[in-house]
There are 2 protein chains.
Amino acid sequence: MGQARKIPVKSAAEDGGLDASLREILGYTVKRTSNILQADAAAVLDPLGLRITTFSALVVICDHPDVTQSQIAAALNMERSNTVLIIDALEEAELIGRHRVPTDRRAYALRATLEGMKTRDAAVRALSDREEILLQDLSREERATLMALLGRIKPQP
Amino acid sequence: MGQARKIPVKSAAEDGGLDASLREILGYTVKRTSNILQADAAAVLDPLGLRITTFSALVVICDHPDVTQSQIAAALNMERSNTVLIIDALEEAELIGRHRVPTDRRAYALRATLEGMKTRDAAVRALSDREEILLQDLSREERATLMALLGRIKPQP
DNA sequence: AATAATAGTTATAAAGTATAGCTAATAATT
DNA sequence: AATTATTAGCTATACTTTATAACTATTATT
């Protein structure tokens, strides 16, 4: 039996295939796809000075003026503590501003600046254009189906 | 057109919903789902002494005896350098062994131990049981559709 | 023989995620 | 009103995943 030939493992030549049984696990397949999309999105956002997390927070702030950091954390499923540096970065870049809330001196009301709005629009457009390429093999209907199915997976106790 | 309507921040009370416009971006929705599944899978694997990366490598090794680290890296879409510590961990736990390749003294032929096989089986079963719960709202057909659609998203140049 | 390419390794870093504990301010309770 | 509990933001820290550069030993190519 030995290895007379140096690569009996069919897939070495074919790049993929060794993970066949992993692909039956949804978590694996979703993560694999997520990695592809994340790497791609990061590259798209980089020239705009945004990372994925700062982009996400920026969109929420643009859509919902006067939102607080805690609300952002809840919306994006992240810890409050992790929003701090993200909001810091957006403020540093002058894409958003922290404003005081008259009725609650603990909280900040976050509002996008004009440049923040413009950056958001540019980023959304760039990502959208890029996804058009990544999803070129899927029909509109298939894309909608994919999104809908993903949306139905929720954390379980 | 401006923003005549100000979007009255409906969602502050409702916990979710603030990310509505992000959810239209596939990358965001996929990542969100991925995070849910990852956190869940990590909790399932933890009692077995596995992390997600070590589990993935273990499965590939069990399925393909004498696979090399480079092949694992290619299959799992990771850098060769990052396989080292993963394989180290599996070897340390005596779930796999590094064996020399007679024809190439640079490479290691990786083989699972008996305990490695057992651990793999237990992990796959535990993950499968858990996914059954997470996917209870999706029919068999819908799950198959989801997997197939995800499989059609590939990295683009 | 000289050069290039490959396998594994080391070191390091960036990014995302998570936990614990802190201060200040607000809300709830007695 | 005074005490207590909760909340918002923050700091520090750490772990996991992923990424890059450079190194050694070995094999392949020219």
Side-chain angles (χ1 to χ4, degrees), chain A residues 3 6-7 9 12-13 27-28 30-32 34-43 45-46 49-57 66-91 98-110 155, chain B residues 12 15 27-28 30-32 34-43 45-46 49-57 66-91 98-110 155:
Chain A
Q3 341 286 88
K6 67 171 172 179
I7 295 182
V9 186
Y28 176 80
V30 170
K31 188 191 176 191
R32 198 175 215 280
S34 179
N35 284 154
I36 292 169
L37 297 177
Q38 291 292 113
D40 203 87
L45 294 175
D46 190 61
L50 293 173
R51 288 171 311 170
I52 289 178
T53 48
T54 53
F55 164 76
S56 302
D66 289 345
V67 71
T68 68
Q69 294 181 196
S70 290
Q71 289 172 326
I72 289 177
L76 299 181
N77 253 345
M78 54 168 58
E79 297 301 314
R80 278 193 313 281
S81 61
N82 289 328
T83 64
V84 180
L85 295 183
I86 292 168
I87 303 302
D88 281 354
L90 288 174
E91 191 179 34
R98 280 175 163 108
H99 300 86
R100 302 254 52 140
V101 179
T103 62
D104 187 343
R105 286 185 301 175
R106 295 170 298 180
Y108 287 120
L110 305 175
Chain B
D15 154 68
Y28 176 81
V30 170
K31 188 193 175 188
R32 199 173 214 283
S34 179
N35 285 154
I36 293 170
L37 297 177
Q38 291 292 114
D40 203 87
L45 293 175
D46 190 61
L50 293 174
R51 288 171 310 172
I52 289 177
T53 49
T54 53
F55 164 75
S56 302
D66 289 344
V67 72
T68 68
Q69 294 182 196
S70 291
Q71 289 172 325
I72 289 177
L76 299 181
N77 253 345
M78 53 168 59
E79 297 301 315
R80 279 193 312 282
S81 61
N82 289 330
T83 64
V84 179
L85 295 183
I86 293 168
I87 302 302
D88 280 354
L90 289 174
E91 192 179 32
R98 280 176 164 106
H99 301 85
R100 302 255 50 142
V101 178
T103 62
D104 188 343
R105 287 185 302 177
R106 294 170 299 182
Y108 287 121
L110 305 174

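Note that these values count all heavy atoms, side chains included, but never hydrogens, waters or copies made by symmetry. A quick note: this is a predicted structure, and the numbers were derived from the prediction, not measured.
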Exercise for the section: Take atom CG of A:Leu37 and atom C1' of D:dT18, then tell me their distance rounded to the nearest Å. Expected result: 16 Å
Write down the protein N/O and nucleotide N/O pairs, taken from nucleotides 23-25 of chain C, whose separation is under 3.5 Å; answer none if there are no such pairs.
none

Problem - Selection from C:dG8, D:dT18, D:dA8 that lies nearest to any side-chain heavy atom of B:Ser70 - result: C:dG8
Handout entry: Toward the 5' end of DNA chain C, by each residue's nearest nucleotide, A:Arg51 or A:Pro102
Key = A:Arg51
Practice task
Apply salt bridge (Lys or Arg N to Asp or Glu O under 4.0 Å) to B:Glu91 and list each qualifying residue two or more places apart in sequence or on a separate chain.
Solution key: B:Arg98
Handout entry: Qualifying residues under salt bridge (Lys or Arg N to Asp or Glu O under 4.0 Å), relative to A:Arg51, sequence neighbours excluded
Key = none
Exercise for the section: Name every residue in residues 82-90 of chain B that has at least one heavy atom under 4.0 Å from any atom of DNA chain D, in order of residue number, or write none if there are no such residues. Expected result: B:Asn82
Fill in the blank from the handout: Side-chain atoms of A:Met78 come closest, of C:dT17, D:dT18, C:dG8, to C:dT17
Completion exercise
Heavy-atom nearest nucleotide on DNA chain D taken for B:Glu79 and for B:Ile52; more 5' hit belongs to B:Ile52
Handout entry: Overall bend - the helix from C:dA1-D:dT30 to C:dT30-D:dA1, comparing terminal axes fitted on five pairs, nearest 10 degrees
Key = 20°
Practice task
Give one of base, sugar-phosphate or nothing for A:Ser81, where a contact means two heavy atoms less than 4.0 Å apart.
Solution key: base
Problem - Sub-4.5 Å side-chain heavy-atom contact between A:Asn77 and B:Arg32 - result: yes
Practice task
Please test B:Ile87 against B:Ile72 for side chain to side chain contact (heavy atoms under 4.5 Å, CB included), starting from the C-alpha separation and ending with a verdict.
Solution key: CA-CA 10 Å; B:Ile87 302 302; B:Ile72 289 177; 4.1 Å; yes
Exercise for the section: For the pair B:Arg100 (side chain) and B:Arg105 (backbone), establish whether a donor and an acceptor sit closer than 3.5 Å, ignoring hydrogens and angles. Expected result: yes
Practice task
To the nearest 0.5 angstrom, please state how far the CG atom of A:Leu45 sits from the OG1 atom of A:Thr54.
Solution key: 7.5 Å
Problem - Minimum side-chain heavy-atom gap B:Ile52-B:Gln38 below 4.5 Å - result: yes
Practice task
Taking side-chain hydrogen bond (donor to acceptor under 3.5 Å, both in side chains) as the test, write out the residues that go with B:Asn35, two or more places apart.
Solution key: none
